[in-house]
Amino acid sequence: MNSAVVRGARAIATLPAIRCIALLGLCAAYLQGGIDKLLDFAGAVAEVQHFGLAPAVPIAVATIVTEFAAPALILSGRLRWLGALWLAGFTAVATLVANRFWELPMPDRQMAANGFFEHLGLVGGFLLVAWYDLRMPERGIPQS
């Protein structure tokens, strides 16, 4: 590939603003979900109950805390790796609970499968954020 094209792409893609936009994009659904759940706590509890989880109130509270605290760590850069691993784990578990596409009849199965694999993409994105953050020598974290 043309080295000028690569240099141009690198100059744009490595701008600090691009990293901020990317991290905000990864966290956007969680922030929006936390706001919605906070504004409609009864709805958040009903959602937990819908998925058969108990006790519903503490789980709803933990979900709201997760949807605000983990993105705050990621976006602030303070313990970004921890926030990323937190959301990767939360998303993996929530996806297994909420997107059980294999149990659904067609055509619902296809839409639920799309959601399932989109969420796996988010898990992968958060794992990459954690991997990158833990490998940065200026973070003071030993590399192996």
Side-chain angles (χ1 to χ4, degrees), residues 1-41 43-104 108-144:
M1 182 171 276
N2 185 329
S3 62
V5 172
V6 172
R7 281 194 308 273
R10 181 176 292 124
I12 293 168
T14 59
L15 289 170
I18 297 296
R19 182 179 63 183
C20 291
I21 291 167
L23 293 171
L24 183 58
L26 276 172
C27 294
Y30 302 91
L31 294 169
Q32 177 267 329
I35 291 167
D36 284 353
K37 287 173 182 68
L38 198 58
L39 294 175
D40 180 14
F41 188 70
V45 172
E47 181 180 32
V48 171
Q49 291 169 332
H50 168 77
F51 291 115
L53 302 174
V57 170
I59 292 172
V61 169
T63 299
I64 293 167
V65 168
T66 293
E67 290 183 326
F68 284 124
L73 293 174
I74 291 168
L75 296 172
S76 72
R78 184 166 175 83
L79 299 174
R80 178 175 287 139
W81 62 270
L82 179 60
L85 290 177
W86 187 356
L87 281 182
F90 172 79
T91 303
V93 170
T95 298
L96 289 170
V97 169
N99 290 318
R100 301 172 68 86
F101 68 92
W102 54 90
E103 295 178 350
L104 298 174
D108 297 332
R109 180 181 299 170
Q110 186 173 2
M111 196 160 53
N114 286 342
F116 181 91
F117 288 101
E118 287 169 0
H119 283 86
L120 287 186
L122 281 170
V123 170
F126 287 122
L127 291 175
L128 279 172
V129 169
W131 175 85
Y132 180 79
D133 202 56
L134 288 168
R135 299 214 21 110
M136 293 177 65
E138 63 270 16
R139 297 280 184 192
I141 301 167
Q143 295 182 22
S144 53

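Worth knowing before you read on, the calculation uses all heavy atoms, side chains too, and leaves out hydrogens, waters and symmetry mates.
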side-chain contact (heavy atoms from CB on, under 4.5 Å) partners for Ala69, two or more places apart: Val65, Trp86
All heavy atoms of Thr66 vs all of Pro71, minimum pair found to be O-CD, 3.3 Å
Nearest-0.5 Å distance, CG of residue Leu53 to CD of residue Glu47: 9.5 Å
Between Gly33 and Glu67, the two heavy atoms sitting closest are C-OE1, 3.1 Å
Which atoms form the tightest heavy-atom contact between Pro55 and Pro58, and what is the distance? O-CD, 3.4 Å
For the backbone of Ala88 and the side chain of Thr91, can you confirm whether one donor and one acceptor N or O come within less than 3.5 Å of each other? no
With Arg80, the side-chain contact (heavy atoms from CB on, under 4.5 Å) member among Leu134, Val129, Leu85, Leu75: Val129
Test side chain to side chain contact (heavy atoms under 4.5 Å, CB included) on Leu73 and Trp81; report intermediate values, then the result. CA-CA 8 Å; Leu73 293 174; Trp81 62 270; over 6 Å; no
Could you tell me if the side chain of Ile74 sits less than 4.5 Å from the side chain of Leu26, heavy atoms only? no
Taking it one step at a time, do Tyr30 and Phe126 satisfy ring pair (Phe, Tyr, Trp, His ring centres under 6.0 Å)? CA-CA 12 Å; Tyr30 302 91; Phe126 287 122; 5.6 Å; yes
Could you check whether any side-chain heavy atom of Phe117 comes within less than 4.5 Å of a side-chain heavy atom of Asn99, counting everything from C-beta outward? no
With sequence neighbours excluded, tell me which residues meet side-chain contact (heavy atoms from CB on, under 4.5 Å) with Ala112. Phe101, Leu104
Find the distance between CD (Glu103) and CG (Asp108) and round it off to the nearest 0.5 Å. 13.0 Å
His119 side chain to Gly115 main-chain N or O, any donor-acceptor pair under 3.5 Å? yes
Could you pull out the closest heavy-atom pair between Phe68 and Leu38, with the gap in Å? CE1-CD2, 4.0 Å
What I'd like to find out is whether the side chain of Phe116 reaches to under 4.5 Å of the side chain of Leu96, using heavy atoms alone. yes
For a quick check under 3.5 Å, do Asp36 and Gln32 share a side-chain donor-acceptor pair by atom type? yes
Output for pair (Leu122 CG, Leu127 CG), nearest 0.5 Å, gives 11.0 Å
